[in-house]
Amino acid sequence: MSIELKRPPGPRCWPIVGNLLQLSGSGMFYEKLNTLRKQHGDVVYIELGALKLVVLFGHEKVKKALTAQPDSFKYRPQWLVEISSFALFNGIVWSNGPLNEKLRRFAGPSVWPGLGDQTLEQRVQIEATALVMELTNQKGNSETLKTKFFQAISNINCAIIFGSRYEYSDAEFQEFSGLMDRLLQRQGINNPLNFIPILQYLPEGKKVKEMKVAIKKMCEFLAGKVKAARSTFDKSRARSLVDLYLSQEHEQDPVTEENVFHIVRDFFVAGTENVAIGLLWLIGYMVRYGEVQGKCRECIQKIVGDKSAPSQGDIKQMPYVEATVQEVLRLANIAPLSVPHATVEEAEFEGYSIPRETMVLTHLQSVHLDPAYWDDPEVFRPERFLRDGVLIQNEAYYPFSIGSRYCLAAKLAHMELTLIFTTLLKNFTFPSDASCIPTLKCTQPGAFVEPEVFNVTCNALTLSPLMK
Ligand code: HEM
């Protein structure tokens, strides 16, 4: 690489703290980064204490980094203290290279259809129906809804991993969900531990210790599941990912029980709360935009009719519903900064030099609001995804990211969102409370961006045949 290349532009970095002072305080981190973009352009360099960071904005730069230069940017940062306290760079999300590829193959979507007696679609339909039972005539706020959505999505993960679902009131399920919740609360790249590693030795380190206790309990939980599966295991008929693990444990270079623990953590941490929040955004938009809710329901009544459970085949025949889901995901930006990528070697990008061991953030929100690809980007308009009633693609739409680290379960997440959303609209109306219309403002209490709490009532339309 030419030695004349400069680092990307960015605000002045102060000794030791870097840009921490400019970027700390209230307000959301990804929004603050938008301000830096206005001053420095689409490739911005900042330092947060010990952490070097490059942020990429807009479709052109993000696409180029993830698809044209994957070898420079396909890595995850392996030096974050907070992440190392629980992820140990094992599992799918936080590993790199051959381990990531091996675990993606072992636990990825190509193996799911063969597990157990039910298809994935059936598993999602079962949870959607259970949700209808749970929510009938519920009146309250979106927090209650989020808890129920979380349980439904956890159950789909349990079915894939352990081969069975739980009743929502089951004590074991509740303990397991509690452990997952504790892991989730610790997530976040803007955790001070990542910028000021010395903090791990101060009293703040207590949280890391609590985390390790939660992880130990999770390992024990999984060990119990593996033991139970072993006693009924039949090699010719894998029921779950745990069975798949058992079927290869004596092969050369097997996936280990430790790997499986980290995969389980990935599924729950990277694939539960975000889907639950996606559903929450969908309902929030429907309460706020009653007209769109009515149009979606009209399509659903026409295509799904009296059938008890909407199917993926039905979704294909309802482009307006699909367009509504896409439009909500575009504006909601549940994971606005995706998952951090990183350089392991110095990389050249757009005429700049990006130092080795720099964390690279792809600002997906800026892609979804990129004025070069979206008219009136801030406006909610499902029709933007339709031409003559047919669904059209926009290349600047990728809530699940793109490139080789693309979300492992994008198809499953999409199926969960569309089938559950459709089932809910088929069974309930979500009237707008004129005195308290959802603001649809973003808040970020944990790893993902969710809507400000709103009031919601689930008014049952008719009794679904499955409930009669
Ligand atoms: C609305 C729901 C979801 C959204 C918005 C979402 C989004 C994302 C994004 C943006 C990434 C990072 C891609 C990158 O680094 O370039 C990712 C990675 C990942 N997601 Fe999802 N995801 C969702 C649901 C799920 C579900 C349901 C699961 C599993 C059950 C899952 C498992 C994963 C895994 C394992 C990775 C890491 C892939 C890797 O690093 O190789 N996600 N997801």
Side-chain angles (χ1 to χ4, degrees), residues 125 127-153 168 275-310 314-315 318-332 334 378-386 416-443 449-468:
Q125 286 169 332
E127 286 317 317
T129 308
L131 256 181
V132 172
M133 309 274 205
E134 286 282 325
L135 293 178
T136 295
N137 295 333
Q138 275 255 1
K139 196 171 175 183
N141 67 31
S142 51
E143 291 280 307
T144 326
L145 226 54
K146 185 180 160 190
T147 309
K148 301 285 179 203
F149 291 160
F150 189 89
Q151 287 170 322
I153 306 302
Y168 290 2
V275 186
I277 288 174
L279 289 167
L280 210 57
W281 276 111
L282 279 160
I283 300 304
Y285 269 90
M286 292 307 99
V287 177
R288 170 86 176 259
Y289 295 94
E291 216 183 291
V292 176
Q293 182 184 161
K295 272 177 99 171
C296 284
R297 189 170 298 102
E298 230 173 77
C299 301
I300 295 167
Q301 284 168 343
K302 198 166 141 209
I303 300 297
V304 184
D306 283 341
K307 265 190 291 172
S308 58
D314 295 329
I315 305 289
M318 300 189 289
Y320 186 80
V321 174
E322 174 70 57
T324 302
V325 172
Q326 295 195 11
E327 179 67 342
V328 170
L329 291 188
R330 181 185 75 82
L331 284 172
I334 300 163
E378 310 271 352
V379 175
F380 175 64
R381 196 165 62 219
E383 290 79 5
R384 67 172 78 244
F385 284 98
L386 299 170
E416 291 171 332
L417 290 170
T418 50
L419 287 186
I420 295 176
F421 175 60
T422 307
T423 307
L424 294 180
L425 283 194
K426 177 181 179 297
N427 287 282
F428 301 120
T429 54
F430 299 98
S432 186
D433 174 353
S435 65
C436 188
I437 294 172
T439 62
L440 300 179
K441 280 197 188 139
C442 300
T443 106
V449 172
E450 54 184 84
E452 269 184 358
V453 175
F454 56 92
N455 286 348
V456 62
T457 307
C458 310
N459 279 345
L461 272 166
T462 49
L463 224 48
S464 128
L466 277 186
M467 297 167 62
K468 282 179 188 163

Given side chains that start at C-beta, do those of [X] and [Y] come closer than 4.5 Å, heavy atoms only?
| X | Y | value |
| --- | --- | --- |
| Ile420 | Leu131 | yes |
| Val292 | Tyr320 | yes |
| Leu280 | Pro451 | yes |
| Ile153 | Glu127 | no |
| Phe428 | Thr136 | yes |
| Ile437 | Val287 | no |
| Leu461 | Lys426 | no |
| Glu327 | Tyr285 | no |

Taking atom [atom1] of [X] and atom [atom2] of [Y], what is their separation to the nearest 0.5 Å?
| X | Y | atom1 | atom2 | result |
| --- | --- | --- | --- | --- |
| Ile277 | Ser142 | CD1 | OG | 10.5 Å |
| Asn427 | Thr422 | CG | OG1 | 11.0 Å |
| Gln301 | Cys296 | CD | SG | 11.5 Å |
| Arg381 | Leu386 | CZ | CG | 11.5 Å |
| Leu282 | Gln293 | CG | CD | 11.5 Å |
| Thr324 | Met318 | OG1 | CE | 10.5 Å |

Give me the atom names and distance for the closest heavy-atom approach of [X] to [Y].
| X | Y | value |
| --- | --- | --- |
| Thr423 | Ala128 | OG1-CB, 3.6 Å |
| Thr429 | Pro431 | O-CD, 3.3 Å |
| Pro438 | Gly284 | CG-O, 3.7 Å |
| Pro382 | Ala323 | O-CB, 3.4 Å |

Leu145 vs Gln138, side chain to side chain contact (heavy atoms under 4.5 Å, CB included): CA-CA, chis, key distance, verdict: CA-CA 9 Å; Leu145 226 54; Gln138 275 255 1; 5.7 Å; no
Among Val325, Leu331, Val449, the one residue meeting side chain to side chain contact (heavy atoms under 4.5 Å, CB included) with Trp281: Val449
Between Val456 and Asn141, is the side chain to side chain contact (heavy atoms under 4.5 Å, CB included) condition met? List the steps. CA-CA 5 Å; Val456 62; Asn141 67 31; 5.7 Å; no
Non-neighbouring partners of Glu416 that pass salt bridge (Lys or Arg N to Asp or Glu O under 4.0 Å), sequence neighbours left out: none
Which is it for Phe430 and Leu425 under the side chain to side chain contact (heavy atoms under 4.5 Å, CB included) test, yes or no, and what are the steps along the way? CA-CA 8 Å; Phe430 299 98; Leu425 283 194; 3.8 Å; yes
Any chance you could lay out the side chain to side chain contact (heavy atoms under 4.5 Å, CB included) test for Ile303 and Val321, step after step, and finish with the verdict? CA-CA 11 Å; Ile303 300 297; Val321 174; over 6 Å; no
Pairs touching residues 287-302 that satisfy salt bridge (charged side-chain N to carboxylate O under 4.0 Å, His left out), sequence neighbours left out: Lys295-Glu383
